[in-house]
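Have a look at the structure below, then the notes.
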Amino acid sequence: STVSNEPAASGDGDGAGPFTIGISNGFVGSEYRTQMISDIEDAASSYQDEGLLEDLVLENADTDVNGQIQQVRNLINAGVDAIIADPNSGSALDQVFQEATDQGILVFAIDQAVTADSVINVGIDQAEWAATSAEWLAEQVGEGGQIVAVNGISGHPANEARYGAAQEVFDEAGVEVLTTADGGWDQATGQQQMGNLLATYPEIDGVWTQDGMALGVLQAVVAAGREDEIVVTGEARNGFLQLWNEQSDDFESIGVTNPPGTGATALHLAMAMLQGAEIDESQLVDGNTLVLALEEPVTNENLDAVWAETEGEGESYVLDSILSADDVQQFLVQD
Amino acid sequence: MSRVVPILKDPVVVAALIAVLLIAIGGILRPGFASPDQIVDMLRVASFLGIIAIGQTIVVLSGGEGIDLSVGTVATLGAILASRTMAGDDAMIVPGVLLALGVAALIGLANGLGIVALKIPPFVMTLGMLGVVGGLILVVTGGRADGRAAPALVSLVNGRDVLGLPGILIVWLVLGGAVTLVLRRTVFGARLYAIGTSREAARLSGVPVRRVTVSAYVLSSLFAALGGIAMVGYSQQVFLNLADDLTLPSIAAVVIGGTLVAGGVGGYLGSAVGAIVLTVLTSLLTTLAMPEWARIVVQGVVLIALLAVYGRQRRLRA
Amino acid sequence: MTVTSPLVRLSGVHKRYGGVQALRDASLTAAGGEVHGLLGPNGSGKSTLGKVLAGSVRPDAAEIVLAGESVRIGSPRAAARLGVAAVYQQLSLVPDLSVGQNLVLGSEPGRLGFLSDRAAARRVAPVLERLTPALGDVRFDDAVRDLAPGQQQLVEIGKALLREPRVLILDEATASLHRDQVALVFDIVRELREGGAAILFVSHRLDEITELCDRATILRSGVTVAETSVPDTTPDEIVRLMVGDVQQVEREHRDAAGGPVRLRVRGLAGGALHGVDLDARGGEIVGLGGLQGQGQSELLLALFGAIAAAGDVEVDGEPVRLASPRSAARRGIALVPGDRGTQGTLPARPIQENLAIASIAGRARVGVLSTRREREAAQSMVDALAIKIGSLADPISSLSGGNAQKVVFGKWLLTEPSVVLLDDPTKGVDVGAKAEIYRIVRGLAEQGATVVINSSEDRELVTVCDRVLVLFEGAVRATLVGDEITEERLVQAALRIGEGTQGAATGEDAA
Amino acid sequence: MTAATQAPPAPTVVDRVRSVRVASWATAALLVVAVVAAIALQPNLLTPYGVASTFATFLPLVLVAVAQAIVVIGGGLDLSAGAIVALSSVVAVQVMRGEDGLAAVGLAAAVGTGVACGMLNGLVVSRLRLQPLIATFASASIFSGLALLVLPTPGGTVPAILTGTFRQAIATVPMSVLLVVAVALGWLVLRRTRVLRHIRATGGDPAAAYASLVPVQTSQFASYVLSGAISGLAGLAVLGNAGSGDPFIGGDLALGSVAAVVVGGIALRGGIGSPIGAIAGAIILALSSTILFSIGLPTSWRALAAGVVVILALALSALGAPRRRR
Ligand SMILES: Nc1ncnc2c1ncn2[C@@H]1O[C@H](COP(=O)(O)OP(=O)(O)OP(=O)(O)O)[C@@H](O)[C@H]1O
Ligand SMILES: Nc1ncnc2c1ncn2[C@@H]1O[C@H](COP(=O)(O)OP(=O)(O)OP(=O)(O)O)[C@@H](O)[C@H]1O
Ligand SMILES: [Mg+2]
Ligand SMILES: [Mg+2]
């Protein structure tokens, strides 16, 4: 064949650009992912204005792992210099990521860490994120308190990491988890599951839940008229903040930010590295993971301030944080 | 005695008994499960599936391998359109619902025309439509659904305002009753059963087969949208995949209710009971502390066992 | 012929389908080297009894003795192992497979699970060759779905022959065959008889019974009522045994009715039709004759808008759009189609719905039905046509052929049609029901309707028609009127046109 | 010879509701268009990596489409195919433990798991006589749950010999291409077997097949077992692409394979078509997503476009159906 064998001609390192960056996202059915993509697009536009970024190629569709493998291969064939992926699996994309890095393409995994060592994971520590709200809940219900947990999807690595950390916290604090249920990170399912749990576990003091389901869980608790007796962990999303705001002042909750802006942060990293910067190996956890610091959680203390700031963003807005091009320098070795 | 046995062979009766049995088991294992409040709660949740299953029943009855795999996303789209229009304002309920129904009708029309005019098998036509509607949702919302149910809709679903029952149960009852009457007591119903039994014989009896078929798919989309709107009354805020997962359960509800997958035999009462059985089963599995994998397996096993009781097809050797 | 040691003995056979007791204590005994007729009215259980022996029906009780040995027949495969083969009333060919593949189906030659097409071709060659005079140029690789019904029927017979059966059941296997084809089948049956096989032969055509059968068992309502030696029994006697005392239908026709032309057809063409012209008056019964498959059924379907065709059709001077059965029905046209099972009835639905469906919109107010009016309308037809039913709510599949056919008639009578098209209306209908159907047809004509009737039986045309149009290759080539309508003349007309001597038949030449 | 024997088919079969049949030319034309368009828009597909990776990507869907085709030809449907892929892949990962030496054991385990799943489906459909659509929807739930039990959270390593397979080439032809060709050849062998003939007859008309001495129940059972075995192989193909196990893998494969089967000219009512068409159908559908990606449609419109393309492909296939002879 006459076509070049090396689609990613520039390779990594001191290329002069302009560069092409590919995005692979295998799930579009959530506002979180939409915000993630639009954060990336916003960040990219300034590089495009500068002429450093030629093209941002988006592979963004609902698909399964096989489909995402095809997405990544499409990006490789399109000749991108770097790939930022929100992977559908923590391990099943390793092979295709390896194919990409073998061809000199930089690969970043956001939101969900992957096990391939050639990939740089960028994101918050899910365990720490979960432990923060779990500690708060444990404090609220106290030793001997009885709670239930509404989880995401059993077996999903993020879910396992989160619930594992939360469980540890509860064990230490002497909090008893009566049962768990899967809400599939789906608000309405979370609401249904919580309704069932409320009926059959009348004695509970609190609920630990995560991402996307807290609103549904709280609605179920409010519908049962038990928001004053049952403590619910919340989430840092406008929809939840609004309902939180509508409750009486006695109602307490916590929302820990899981920023969709990680993708934009990764884009800044990618641009810097494509221009020749090297990652500071000493900052990597487990050899390939950059852990981003958590934002201050939303609690009753700062709720009014936060709400005033985000109210205008629409109900599906997720509290966000994006590291700027300057901020990401902290992770790089300058030469 | 001789009268009891045939009744026990009626799928609707069997399904209803199974629902009662599941509630009883739940009540023994976890006392709160059989409490009136919890039962009302489960019925409330069953109503969304139940309303969507109305359309699915009509489509399955229409025969010709009739099935609608797009009901879940159509329900989501209906919920999104309605709730974006109402944006938490009671005055906008009617426009919101009408918009959702209008768009749903067009989708149903496209399904029906694809099936009768382009002769695409219903399974794959509606599978393709599932993708189209999913895409439409992204185009309409730009990936952020941002809609809020009007308070009146919320209290219809979440309140207990009518004789201590949620209004949505009354709505469900009325819709179910109406559709049962339509199936049994109208020209459309008679023609629907006719085309479901034999397209050719129906055509040669002067039945407008294509028109009835298309109507079935339009109705299916309309009821799906209604189910989606009811669901957003429950969740209050809309999100991108609100009702997507209700498609296969809606088919399961129809089959558990004794409607023949080949068409022409069955009715809505069974599907309604089927929706209740499925909801109660899911709830029961939630409240029993067991690992998630076991819940998933048990769900499948119970479904097969349920169908094995009476959902069996004819023997080859009569 | 004396039965020394019977080859087949069925006794105490009981079978109930839901509410229908199809067989109650039925029995049958047939010897090797005998063609044994199995007779009875529609729904008397002939097919069911045959299927019990062939293993495809599960009897509630049965004792089967084959060649002196008591056997259980649990499946068609078990029957085949015992040397029993059957040709069912309902064809059991797989339309997507070829002729050859169908012939060897279930016993394909091959090794280690792999098929050998060559061995299969070798095996079926003699049978195909034996059938060629009737089957025509049909090859191993031809698709079964493309064959004419008669050819399919012959392939079905070939399939049974390939099994070299000791016992062969032919259940109305000749119903869709033409005269010459029937003759070949009879030859084959006689050869099998010479070879010592027992043949169970089911037919509603008395002439076939008398021509072929040695002995006969007669069923009525699932009970064996008689066993007789056929050569020693007169046809009238046989009919009496079958249905009790029923008047044989007498030929009856009137002179051409006066009055204006009701149905007028000019240049109807499309598919198998090549320009049909036709005029029929109110009160007239017009038959369609000729060899089978010359466009008779297509003509009826085209007039009913059920298949695509072009041409001018008028009813009472008003043009009819040939767009759909619906538009035809609105102009007062009705069709009783040829295939009752797939075209005439809605099998799983109640009798009432089957009767009501064609006229349902007329009885509804804003689309809503009145249960009372529906029931009354259905009951009026049940009474008028003397349809034997349990309850109006029973599914139509619980009725026997003749009664189901009356329901199809009733469905259209409720629309008060002015033109009634009948496609082989008594196919597979027993003698008693046949007479009643003829009575219905005459009644229709007397009330002023125009009736156009196609029949696979010449005698039927002779019995009911005022005028017969003889079709050849999709056009009317000759007309017989009044006393000219005899079986001989019909056969003559059909054949002589086929030989190319057009218009040789007497009567006005419609071409 | 009599005139009657040459008679055209009588109208009893005329105008029966036409079953949708896809002419093979429609499938072939779609395939050509898809391949040409994909290459024109994405010339890198012709690089050795492009060819090898593209075929490697196709392989799981191709295999599942063949598996689905066999069941559909037999008059059934398998909504559990994706779950079978997931279960057999995690079982294989667990038994291989990343060791090359255990690859053969993994192969056996994957196929064995697929066969076991197929047996369950086959029993439920043929013996319990449940409607295939709903029965396999239920059994999919069972298989998914078991996959979660076998591998509670994604991980495990796939032996290098397996992941490397797709990168190898034999006489410059990539292994993944050879595997797709091998699947097609495998079918050509399989179709000559008695069991496949019986499966086809059963799908064409079960009552007629039963009366013609075809062991109908056994044939139905066999179609699911065969299909399960092939889905098990697809599980391995998925592992080769993924490099590790994931209990949620393969979610889209079941419905995708049904679409592929129809685009490939196989009637859902059974009895008609060939898995070769299904292979083409799978490739057409997979390429269409590459094409949509390459033409640079705005992302929010891409899902809509993808849905429309699928419907168009189905419509084109249906329009290409041969008219029934009169
Ligand atoms: N599969 C079935 N389900 C229900 N009833 C049936 C079935 N098959 C036959 N019957 C009923 O059993 C009775 C006997 O039917 P059978 O077909 O044996 O009669 P037959 O003598 O062959 O009639 P025909 O002359 O019309 O062919 C009829 O009342 C018929 O309606
Ligand atoms: N040839 C026969 N002689 C006597 N009784 C029979 C015969 N064939 C079937 N039966 C009776 O019919 C009933 C059911 O038939 P059969 O034995 O075929 O059922 P089965 O084999 O249990 O069912 P399946 O074929 O579905 O496994 C039994 O009560 C049996 O006694
Ligand atoms: Mg019969
Ligand atoms: Mg008959």
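Letters go in sequence order (proteins before strands), and every chain restarts at 1.
Along residues 308-316 of chain A, the residues that come nearer than 4.5 angstrom to chain B, judged on non-hydrogen atoms, are A:E313, A:G314, A:E315, A:S316 in order of number. Of all residues spanning residues 150-157 of chain A, those with a heavy atom less than 4.5 Å away from chain B's heavy atoms are A:S154, arranged by number. Using a 4.5 Å heavy-atom cut-off against chain B, the contacting residues of residues 208-219 of chain A are A:L215, A:Q219. Within residues 146-157 of chain B, the residues that have a heavy atom under 4.5 Å from a heavy atom of chain A are B:D146, B:G147, B:R148, listed by number.
Within the 4.5 Å cutoff, the side chain of A:T34 has heavy atoms near those of the B:L240 side chain.
Heavy atoms of A:Y317 lying under 4.5 Å from chain B belong to its backbone as well as its side chain. For B:M290, no part sits under 4.5 Å from any heavy atom of chain A, backbone or side chain. For a residue to count as touching a neighbouring chain, one of its non-hydrogen atoms must lie under 4.5 Å from one of that chain's; by this rule A:A223 does not touch chain B. Both the backbone and the side chain of B:N241 come within less than 4.5 Å of a heavy atom of chain A.
To the nearest 0.5 Å, atom OG1 of residue A:T179 and atom CZ of residue B:R30 are 7.5 Å apart. Distance check: A:N196 CG to B:T282 OG1 gives 8.5 Å after rounding to the nearest 0.5 Å. We find the OH-CD distance between B:Y234 and A:Q191 to be 4.0 Å, quoted to the nearest 0.5 Å. A:T200 OG1 to B:L29 CG: the interatomic distance, rounded to the nearest 0.5 Å, is 10.5 Å. Residue A:Q192 holds its CD atom at 9.0 Å from OG1 of B:T286, rounded to the nearest 0.5 Å.
Chain A forms more heavy-atom pairs under 4.5 Å with one residue of B:G159, B:G143, B:A145, B:A34 than with any other, namely B:G143. Taking chain A as the reference chain and counting heavy-atom pairs below 4.5 Å, the highest number among B:L242, B:N158, B:L138, B:D37 is found for B:L138.
Using modelled atom types, one side-chain atom of A:Y201 and one backbone atom of B:T287 make a donor-acceptor pair closer than 3.5 Å.
Nearest heavy atoms, B:Q38 versus A:A199: OE1-CB, 3.0 Å.
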